[in-house]
Structures are given as structure tokens and as C-alpha cells.
Amino acid sequence: MIKLNNIIATYTTVRGQVNAVDGVDLEVPTGTILGIAGESGCGKSTLLKVIYGDLTYPLSMTTGNVEYGIQDDLGKEITSESIRSYWFKRISYIPQSSMSSLNPVIRIRKQFLDFLDPSLDKRQVLEEVRTYVQQLDLPSEALDAFPHQLSGGMRQRIMVAMATFFQPAIILADEPTTALDVVVQKGILLLLMDLQEKMQNTIFFVSHDMGVHYQISHSMLIMYAAKAVEYGDSSDVFERPLHPYTKLLTESLPTIGDEHVRQGVAGRPPSLWEDLRGCRFAARCPLATDFCRSNEPEMVEYRPRHFAACHYAETNL
Amino acid sequence: MGLIQYIAARVGVYLFVLFIGITVTFFLPRLMPSDPIENYIAQLQNQAGQSMDPEDVAELRASLSELYGLEGSLFSQYVGFLKRVFLTFDFGPSFSSFPRPVTEFILVALPWTLGLLIMTTLIAWTLGNSIGLLAGFFHNKRTATMLEVVGVVLYPIPYYILALVFILVLAYVFPIFPISTTIRPGPLNFEKVKMILYNSALPALTLVTAGFGWNILSMKSLSFSTKQEAFVNFARLKGVPPRTIMTSYVFRNALLPQVTALALSMGTIFNGALLTEILFSYPGLGLLMRSAVGSGDYNMLYGTITMTIIAVATATLIIDLIYPFLDPRIRYR
Amino acid sequence: MNTNVRLESAPSVAVVPANPSYRSRLRLNLRLRMGLTILAIFAIGSFTLPFFTDVNPSEQGAYMKNLPISIKHLLGTNSQGQDIFWFLVFAIRNSLILGVAVSLCVTTIATLVGLSAGYIGGWFERVVMLITDSFITIPVFPILIVLGALVRGRTSFWVVGLLLVIFGWAWGARTIRSMALSIREREFINMARFSGASTFDIILKEIFPYVYAYIVVGFINTILFAINTEAALAVIGLSKVETPTLGSIIFWALNYNAMFIGQYTWIVAPVVATVLLFLGLFLTSTGYNELYAARRGHS
């Protein structure tokens, strides 16, 4: 079980401080794919950074902590402070722009080797890598190439290969398919699902594309304006959403055969710089009342393992 | 474009530049309102202290005209000039050291200029880029800002000021180095080498100081902006050690525009070198040029100018050809 | 292009404050303020002071030779019987005039060439860039030396200026063209193009506002280049050395071996003045660059 305990992550800027993640508190069962969805700026990328332990200025975790549920070689629990030395070994990260995440002047194979423990034999590791990438549908020659010689899809597979080679327990993927065309996207999604099944790791998959989540995520976390608004199994969240925001998100997905006009979600999330009171979704919510505008809703378990932060969630039960 | 096309393009530009440069050298003086032969004859007459027999003057003028290829139409002169320069590398005889060919002097002076230039450019480049890289990579530290200030202060100071300052301080107030270069002829032994180093110290110091300020500033700027790139961030997230990030990721990429900039600034570097040579009486092309001006030795002048243009263009070409070895995107399609 | 100054590829590349904090925003302006202050002193001083005197600084033997610093002669006099202070003031003025005049011409040409090459592209661009690169590679100094030799003594100030323009526009054109290239592909340009705006209109109204910061920076740098090159020429005696310029003072001082006869003011004053002036120009240039980069968000 991976636990996110009341995490508040703050950015310090010239204008002041802003909480990009404002109190996320949940338990994630290991061996599943958790999809994190929401509009741009809702805090999902920041949440990933916090989980990864990438807390460099101006980002800091003001309160809360992460319990990874993994132990180091001596049996001690790994914490947010110590997670850094396990980067790409027990936990890894697939960034957003695979296009530009590889060093253009160095061969791919070197980029597999430059983050290794100095105690490992590079030649041997390279051999293993060659075998491994073939499992991911990549030719072994791809390793000898330079990034610009590979297609976008191949590069993304390389990124996935790098992230999964040491079989980490936790993988954080930040919009890994966003810049790819649909066919390539499918390939990557299938690859990730396949690897997850084999290695039984936990994947935190961030995307604003609900269609992608529908295909890959076992459970869903919906975020809005730095807050978690719904959390539960994918089937629950998609078919019987509790929060009005989630409803609007899922209803915007097209279905074959269903011809009714899709609704977008009008309006924009509130600026995090403002003084925020009450439910942050109130301005755009069809169910909002004055009570909503003055009282912030808590995450409540309305159904087994299905949480929502809405005063009127019961109306959707 | 592929590697072959790249090389072909660079060589093409090289030849074009040579062509333009030499054409300019040819035409520009001929468009000036002064006739070198008249000047020369006037000088001779001054030196002789009396006017010469008009017949002798006419004969002299005719033979000089022929000698300098000033016979015939402008076009035939031009063709003749091109032929002489490209095929036989012949710039004619020197006026003031008649009849020794200009080429002889140039071949003696050239190694001095090249030696000084290559040494100082390498030092300025290495020093400046290393400092700039560190300053940009560790931009939050105080030392970085201080180094930047060093660059900011040194960079705008012109070559001749630096030369003067060094002369003032290191040759006059504290007479450590000589004010001007005197290198006695002799075999290349240890003594000679010492003498060369001793005399070259101030010109070299001037060139290095003038050059490395720019390198610091531009490298710092490049190194800083490269550090913001996505792949550098990803390397950090992979757990790549900072030293590797600095060298393999930041430096290797920041180097590329730096090399391009170096190629483009060859002309400037040569300008500075020539000026410095003149100020220090260093026995290179610069001094040759200056004394040619003083003695009205026009063949020598054209010869040295052409040589300079060829040198700059060639240096630029060499650097251009090195570039693909640093950037695999040019080397492989 | 410049005898010594090659700024285009240096701080005009993403210049960012050392530490993203409020303090650094003030620090950005510090450079600009310092630079402008220095320039203002020089400009105002050299242009207004001459009105307060009827001295002809070039006139030799106007005063006793080699007088020390005094109230009457603020920097003493030199071996030619000229007042050093006034010579310097006129020198600064002449250098500034030359610098600004050359820079105006060069900047105009460079902008026209660079923008049109960058935007129009194709054949036109390739030919133009070929010519530009040739002019960049050809070292201007030797050519100036030749010409200095040929018209020695008869070179007027403005001929030197003309030559500087002929050989100086290339660097700026190249920089502006790369800017224009990167702007060309951006969305709003395509929109303007598709909505039927003429090429000239697009260049002026859409592209120009982006590149104008670089133009300003280039303008200041060219002033540096022009003054510098003219001075370099004068120092080795190949410009019209009777006219007071920063270079010609140094030339005469060297000629008369000012150092050896203890006439330190004669040689030190112009050196200090030149360094300060150049520092002022450089600080203004980079200060402005930083300011603009910060406003645009380091784009």
C-alpha cells in the first residue's frame, strides 16, 4: 500500500506562495495503475513530483508525507528524504516530452548507462539492455543510434525501457502519450499495461485525456484546483461518478452509437492566487448552493473504496 | 542535409569568400585616387634629392607598370592577378626590398602570426569556456556572478588599450617584459625558445585577455539556457551524477553554438592579432603590413592582405569542418 | 566585424538573472542605469562643454608644453602645446558622432537585409546570406590599413566612417535574420499572411516589434565597434590623426613617447576615458537586453 498523507505542496514565487497541491490524502493499493485526471494546472504534475521526491526550489512539501511501502536493503522504510537515492532503481519517472528528453548528441546506449551504480559492469548491463528492449518491440540497433534518428514512438518506447529496466516498484508517468498520434499511443499504452502485469508494479498515470484513462487505469483520482475531488475504481468512477465535475468529464467522451450532443465543461478553474473559500468547483457546478460556496467539502467514502468531495454526492448514488 | 552536402556547402562558401576577398583587395586600391607608381617615383625622387631625367622616369614607370601587372586593361590585370595568386602564389617583388619576392617575407612572417594566434585562441577558448560553463552551471553561487563581472569588465576593453596597459604595467612600471619584440636570428635551440617565449608573453597576454572575456560571457549564457532544457532535467531525474550532467549534457550541447560563433569571429580575432602585432613590433604579418604602409611597398601590402584573407577563410573552413564531428545531427541523417 | 567586440552571440542569447527573486529584478536595471549614467555624462559633457570655450584643441603651440595639472589646464598640456582636457573633450565628441552616425547607417542596412532575408527566404535568402557571410569573414582591419596607406593624410573622417559602414553591416544582418527566421514560423505570422497582409506590412507590424530589442542592442554594439575600429586605426597612425579622436590622442602620446618623458596624463587620460566609455556602452547594451528578456519572460 502506498499512502499519500495529507500532502500540501507549495511553490514559492516572486508573487508569493501558492499551494499547487492542497491536501491530498489517500491510499493506493500496490500493483495497480492509478490514473490521475484533471484540467491543466490542477496539480497532477506537481503531485507526481512530490511522490517522486523531486522537491527542489521553488517547490517544497509544506506538510504531509509519502509512505512508499518499500524497504531499502537494510529493511528500513524509504521516505521522501531518502527516495532520491533510489531514482530509476525502485521508483522511476517517464516525463512528458519524450521528444526532447533525450540528449541529442549522445548515443542512446550511453544514456542507458550514465545513471548506473558505479559498481555495476557496464558491458554486462548493456547486453541485458539489448535483450530487454527487444521485448518492448524495439530493434537492438536502436540503442546504437542517436535520438534524432528514431521516430517519436520509438523514442517513447526507449523512455519506457529506461524507466522499467531495473523493475522499479513504482512508475510515475506524466502524460506519456500526449504528444503521440493515436496509433502510436495505443502501442505505448498496451506496452505499459503489459509490463505492469508482468512486473506487478504500481503506475501513477497522469493524463488529461479521459479516453486514455478509460483504457488503462484500474483506479482513478480526479483533481480540481489543487484538490482531490473523486477517487475510486475506474469502473465506479466512469459509470457511476459521484462528483459533478467527474460527471462532466466522463460525459464529454464520445461513444460509438451514442449520437447525443457532447457537453464541454464551460468556464475555467479558479486561480490559486485568489482567496478560496468553500468548494472550488462551485462557480461551474450545476448543483452548487450557497452552502457549497462557504463550506469546503471533505473526501467522504460514499461507497466502498469510492470517495468524493462534494456536499451533494448522494444525489448521484 | 547530409554530411556530404554540408561539406560541399562549406567549401563552396569558402571559395566564394576567397573570391570576393581577393577581388575586393584587387579593386579597392585601384579605385583610390592615388597611383602607387607615382607615389613610389615621388619617394625615389625625394630620396635622391633631385629630380630625375624625364626619360629615365618614363622608363622606370614603364618597367614598374609591367612589373606590377598594371599594364593592359583592368580586366586583363584582374585575370593576371588571379592567375598569379592562385596558381603560383606569387605576389610580385617587394618594392622596398627589391628584388626579393613578397612571398618570401610572408612565409617568414606567417608562422609567427599563426603560432601566436593558435596558442592564444586555444588558451582563451579553453579558459573562457571552462569558466563560463562553471559559472552558468552553478549560477546561484556568488562566484558565478563574480566571474561574470570579470567577463563584463574585460570584454569591452579594446585590444590596443589592453596592449597599452600591459606595456605600461609589465614593461615600464615593472620592467619584466620588453616593450617591443626583438628576436635575434639564430638556430632553434633552448635559448632561442626562451627568447621567443619571453618576447611573446605580452602580445599573448593581450590576446588572451581580450578573447576570454567574450568566451566566459557567452558560455555562461549558453550553459545556463542549456541547463533548462528538458533532457537535462530528465538526466537529473534519472539520477545521473551532476558532473556527468555538466560535461556530457550541458557542455556537449552548449559547445555547438559556441563553435559556430568561433568560426564567425575568426575575422575579429585576426583583426585583434594584427593590431597587437603592430603595437608590439611582433614579427608577424601585422608588422609586415604596417611597415609596407610606411615604405609604400604596395606589393607587400596586397600580398599580406590577401594572405590574411586566405588565412581567415581557411581557419573558418577548418572550424566549420570540425562542427559535424561534434553534432551527430549533421553527421547522420 | 568588430576589432574586439562580438556581442551578438553572447548576452543576446537567453539572459536570465542569477536567482529568480525580486532583488534580481532591481539588479537587472542596475546595469542599465550604470551604463546610461556613464553614457549621459560622456555625451552631455562632450557636447555641451565645447560651448564654454573658444579653444581650438587641435592648435599646436597654443600653450606652453608639458604643463602639469592645474586649474587652468585640468589635465595639463602635452608636448605639442595642446590642452589635454579640451582635446579629450573634443575627441570624445568626435568619436561619439562617428560612432552614432555609422551605427545609424549600419543598423538600417542590417535591419533591412536581415528582416527581408529571414522572412522572404528561399533563393533570396541564400544569396543574401552568402554575401553576408563573406563580409563577416573578411577581416576589415587589413583593408582599412591598405586604404589608410593609400590615402594617407588625405583620409577624411567620413571616409573611414563610410568604410566602417560597408564592412560593418554584416554581423547585425545575420543576427536579425536568425531572429526573423524563428519568428517566421510562429502562428501569428501565418495568420497575418493568410489574412492577406502584404509582405512589407507583416515585416513591419508583426515581426519588427519582436526584433526591435535586438536592433537596439545591435545599434549600441555598432557604436562600440565603430569608435573602436577608428581608434585602432588612429593608434597605428593610419587615420587622420590631426582630428581629435580617442585614438588619435593615444597615437600622438605614443609618438611623443609620453610614458618615457613622464607625461602620464597624456596617455592615461584617453585610456581611462575609452575604457569608461566602452564600459558604459556595454552595460547599456546588456542591461537593456536583460530588461527586455525579463519582460518577455526569457523567450
Side-chain angles (χ1 to χ4, degrees), chain B residues 13 16-17 20-21 24-25 28-29 32-34 36 139-140 144-145 148 152-153 155-161 164-165 167-168 172 210 214 217-218 221-222 224-225 228 257 260-261 264-268 270-272 274-275 278-279 289-290 292-293 296 301-302 304-305 308-309 312-313 316, chain C residues 1-16 18-19 31 130-131 133-143 145-152 154 171 174 224 227-229 231-232 235-238 247 250 254 259-260 267-268 271 274-275 278-279 281-283 286 298:
Chain B
V13 173
F16 185 74
V17 171
I20 296 267
V24 167
T25 314
L28 221 37
M32 285 285 124
S34 83
H139 62 272
N140 283 317
T145 332
E148 191 181 1
V152 168
V153 166
Y155 178 38
I157 303 181
Y159 282 87
Y160 52 92
I161 301 272
L164 283 177
V165 168
I167 292 180
L168 203 58
Y172 191 60
W214 171 74
L217 288 182
S218 66
S221 170
L222 281 171
F224 182 82
S225 58
Q228 319 300 322
T260 310
L264 285 172
S265 57
M266 275 289 120
T268 314
F270 258 87
N271 279 346
L274 291 177
L275 182 59
I278 296 175
L279 287 172
M289 228 184 269
R290 182 69 182 87
V293 170
L301 251 188
Y302 303 148
T304 44
I305 306 272
T308 313
I309 295 182
V312 173
T316 313
Chain C
M1 161 184 168
N2 310 294
T3 315
N4 185 8
V5 181
R6 294 144 294 178
L7 264 185
E8 275 71 12
S9 57
S12 41
V13 174
V15 179
V16 188
N19 184 333
R31 269 197 189 180
L130 196 55
I131 300 178
D133 280 340
S134 310
F135 272 90
I136 289 181
T137 313
I138 298 176
V140 61
F141 207 56
I143 308 222
I145 292 184
V146 170
L147 294 162
L150 290 167
V151 279
R152 204 141 43 114
R154 282 169 278 162
W171 252 109
R174 180 168 237 274
L224 243 169
I227 300 183
N228 202 7
T229 314
V235 167
I236 56 177
L238 290 176
I250 300 182
L254 287 178
M259 280 187 282
F260 294 115
I267 187 91
V268 171
V271 168
T274 313
V275 173
F278 283 13
L279 207 58
L281 285 167
F282 182 67
L283 286 174
T286 50
H298 332 126

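Quick note on labels: first sequence line is chain A, next is B, and so on, each numbered from 1.
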For a 4.5 angstrom cut-off between non-hydrogen side-chain atoms, does [X] reach [Y]?
X	Y	result
B/Val17	C/Asp133	no
B/Ile157	C/Phe278	no
C/Thr137	B/Ile309	no
B/Leu264	C/Trp171	yes
C/Thr229	B/Pro158	no
B/Leu164	C/Ile267	yes

Measure the spacing between [atom1] of [X] and [atom2] of [Y] and express it to the nearest 0.5 Å.
X	Y	atom1	atom2	result
B/Leu217	C/Thr286	CG	OG1	8.5 Å
C/Ile138	B/Thr308	CD1	OG1	12.0 Å
B/Phe16	C/Leu130	CZ	CG	4.5 Å
B/Tyr155	C/Leu279	OH	CG	13.0 Å
B/Ile305	C/Phe141	CD1	CZ	10.5 Å

**Prompt:** Heavy-atom distance under 4.5 Å to chain B: side chain of C/Leu281, backbone, both or neither?
**Reply:**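 The answer is neither part of C/Leu281.
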**Request:** Kindly give the heavy-atom pair with the smallest separation between B/Gly267 and C/Pro139, and that separation in Å.
**Result:**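 Shortest heavy-atom contact: O-CB, 3.9 Å.
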**Reference residue B/Ile161; test side-chain contact (heavy atoms from CB on, under 4.5 Å); the match among C/Asn228, C/Val235, C/Thr274** =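 The single option meeting the side-chain contact (heavy atoms from CB on, under 4.5 Å) with B/Ile161 is C/Thr274.
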